[in-house]
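Worksheet for the structure shown next.
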There are 2 protein chains.
Amino acid sequence: MGITQPETVQEPKYWQLKSVLSDALDTEFAVGEILPNERDLAARFGVARATLRQALDQLELEGRLQRRRGVGTTVAPPRIGVPVASGPQTWPGEQELWEPVACALAPAPAAVARLLGIGRAEPVHTVRRTHARQGQPVAAQLLYVLPAFVPACDGAAPAGAVLAALGRLAPATGDRTVELGSARAEDARELDRLPGAPVLLVTTRYTAGARTVAVAVDTYRADTCRLTLGDAELLAS
Amino acid sequence: MGITQPETVQEPKYWQLKSVLSDALDTEFAVGEILPNERDLAARFGVARATLRQALDQLELEGRLQRRRGVGTTVAPPRIGVPVASGPQTWPGEQELWEPVACALAPAPAAVARLLGIGRAEPVHTVRRTHARQGQPVAAQLLYVLPAFVPACDGAAPAGAVLAALGRLAPATGDRTVELGSARAEDARELDRLPGAPVLLVTTRYTAGARTVAVAVDTYRADTCRLTLGDAELLAS
DNA sequence: CAGTGGTCTAGACCACTGG
DNA sequence: CAGTGGTCTAGACCACTGC
């Protein structure tokens with residue numbers, strides 16, 4: 001007989017489970033529908049809850065599911081396309097989607113201070129904003145602006161003044177990076193997620209001449225967002 | 001006495017652990033150094049291994065750690081900046097970093113077929129390439145090109161012909177999206193990771209006139225890569 | 001209040017790496 | 001081969017949501 005019937009042997013249970021569930025989501029469930037609870041699902045598939053959860057974790061990471069404590073697990077809608085063009089809010093009409101939340105004059109995190117080329121204790125203007133789309137919070141932003149660039153304010157400046165200063169810089173293309181991160185406690189609260197949730201970190205550097213004068217860190221929900229870079233966000237699912 | 005001394009109470013253990021470890025990484029370890037094994041670490045902190053692993057998972061997600069089965073856990077170097085400009089390999093000199101791996105004429109995945117506006121069974125030219133930087137694999141790419149755009153080949157075309165056809169389109173800016181995904185088995189192998197590892201999915205659409213004629217799906221290791229969008233990748237850590 | 005997902009435990013076995 | 005990280009189990013308790 002076949003000495004070798006090797007394939008299909010070792011594939012982790014949670015990986016097979018994920019495939020099965022993924023197919024089921026495509027065929028048997030509608031967006032928004034709620035799934036059976038984790039204990040029932042685990043029993044149905046004959047695995048421990050932890051194993052079932054590993055599969056659900058992956059599906060949530062891929063934006064297929066949405067879980068909420070005390071409520072249940074629902075089938076997620078397609079990811080929302082969020083334009084991330086050259087200047088962050090240089091788009092006409094986009095400006096208004098960002099809602100200022102707080103404003104302060106305080107030292108920036110070490111990583112930001114390094115980008116700005118200042119000491120760790122030097123205070124900078126800090127503005128926190130949030131971005132909603134289709135009714136749900138999608139991104140949290142932290143803006144750090146060198147005090148020298150916000151005119152005539154000792155102490156904390158109003159958010160408007162800081163934003164105006166930034167607006168004058170916007171056309172100057174800042175470099176930009178995208179990377180994976182996990183939500184800090186504060187951002188998680190704004191995004192209606194638990195701390196540690198996966199997020200896409202978009203870092204923008206604003207320059208005046210050769211100097212970096214401001215840094216923006218945008219924190220996007222990785223489960224519900226798809227960043228669109230070109231002109232078109234017509235990559236609908 | 002204070003009835004309320006509420007703060008600091010409920011923060012998950014793995015979250016505190018992560019902070020402690022994160023600090024330790026900054027101060028007590030050098031890049032490439034290997035940490036104590038998970039069982040020892042768990043014992044040292046007085047938690048179960050599963051809990052310790054939750055913390056390590058997060059740190060790995062953030063690119064601070066690198067774990068390899070059978071070997072150990074090491075401190076990861078800073079993320080590699082990978083330029084992601086308008087056309088994917090329109091950069092002079094960048095072209096050579098992509099190494100062709102395989103080439104075929106086969107049906108594309110459903111999601112890609114939809115973008116190309118063709119049926120699920122229609123075959124397209126498919127090229128698989130990999131991208132290495134600083135000696136390690138960083139991205140896997142799948143190119144899908146409509147047969148009508150690869151001249152004079154029935155059956156499978158050589159990779160060169162497909163790439164040449166794409167080269168003629170490259171300057172035409174395609175739209176582009178970035179989102180979080182998990183590595184499929186095949187990509188995971190190319191990237192030297194386990195299936196399911198977090199990846200950044202960059203999808204590029206190539207158009208000729210109004211028609212989408214090709215689609216590229218780039219799969220970047222999310223733990224080791226930072227995508228740079230602007231001109232400069234000088235955001236060194 | 002009952003029901004949900006989130007955290008945690010203490011074990012076990014497996015797959016892989018290196019000497 | 002010994003040692004590592006990866007998977008899996010069967011249970012427990014907690015935090016949160018909604019009725």
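Letters A, B, ... are given to chains in the order of the sequence lines, protein chains preceding strands, and every chain is numbered from 1. Just so you know, these numbers use all the heavy atoms, side chains as well, and skip hydrogens, waters and symmetry mates.
Between the side chains of B:Arg176 and A:Thr228, no donor-acceptor pair of N or O atoms lies under 3.5 Å. Side-chain N/O atoms of A:Glu62 and B:Ser182 include a donor and acceptor closer than 3.5 Å.
A:Thr51 has no side-chain polar atom (N or O) that falls below the 4.0 Å cut-off from OP1 or OP2 of D:dT7. Between B:Tyr14 and C:dT7 there is a side-chain polar atom (N or O) within less than 4.0 angstrom of OP1 or OP2. Put simply, A:Asn37 has a side-chain N or O that comes within less than 4.0 Å of OP1 or OP2 on C:dT4. Dashed line: the shortest gap from a side-chain N or O of B:Thr73 to OP1 or OP2 of D:dT4 is not under 4.0 Å.
Looking at which nucleotide of DNA chain D each of B:Arg67 and A:Val47 is closest to, the 5′-most match is held by B:Arg67.
Base pairing in DNA chain D gives the following stems of 3 or more Watson-Crick or G-U pairs, range against range and under 3.5 Å: C:1-18 with D:1-18.
Looking at the side chain of B:Lys13, the nearest of the listed nucleotides C:dC8, D:dT7, D:dT4 is C:dC8. Closest approach to the A:Arg53 side chain among D:dG6, C:dT7, C:dA10 is made by C:dT7 (side chain taken as heavy atoms from C-beta onward). Taking the side chain of A:Ala48 as heavy atoms from C-beta on, and the options D:dA10, D:dG6, C:dT9, the nearest nucleotide is D:dA10.
As judged by a 4.0 angstrom heavy-atom cut-off over every strand, A:Leu56 is placed among residues making no nucleic acid contact.
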Sugar-phosphate atoms are those with a prime plus P, OP1 and OP2; base atoms are the rest. Using that split, label each nucleotide of nucleotides 12-19 of chain D B, S or - for protein heavy atoms under 4.0 Å, 5' to 3'. BB-BBB--
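Taking atom CG on A:Leu65 and atom P on C:dG6, their separation rounds to 11 Å, with Å as the unit. Between B:Asp57 atom CG and D:dG5 atom C1' there is a gap of 11 Å when expressed in whole angstrom units. When the P atom of C:dG11 is taken as reference, atom CD of B:Glu38 falls 17 Å away, rounded to whole Å.
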Return a table of donor-acceptor pairs under 3.5 angstrom between the side chains of residues 48-56 of chain B and protein atoms on other chains or two or more places apart.
from	atom 1	to	atom 2	distance (Å)
B:Arg49	NH1	B:Glu38	OE1	2.7
B:Arg53	NH1	B:Glu38	OE1	3.2
B:Arg53	NH1	B:Glu38	OE2	3.1

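Taking the six-membered ring for Trp and thresholds of 30 and 60 degrees, A:His131 and A:Trp98 have ring planes inclined between 30 and 60 degrees apart.
Exactly one residue among B:Arg129, B:Arg221, B:Arg128 makes a salt bridge (Lys or Arg N to Asp or Glu O under 4.0 Å) with B:Asp187. That residue is B:Arg128.
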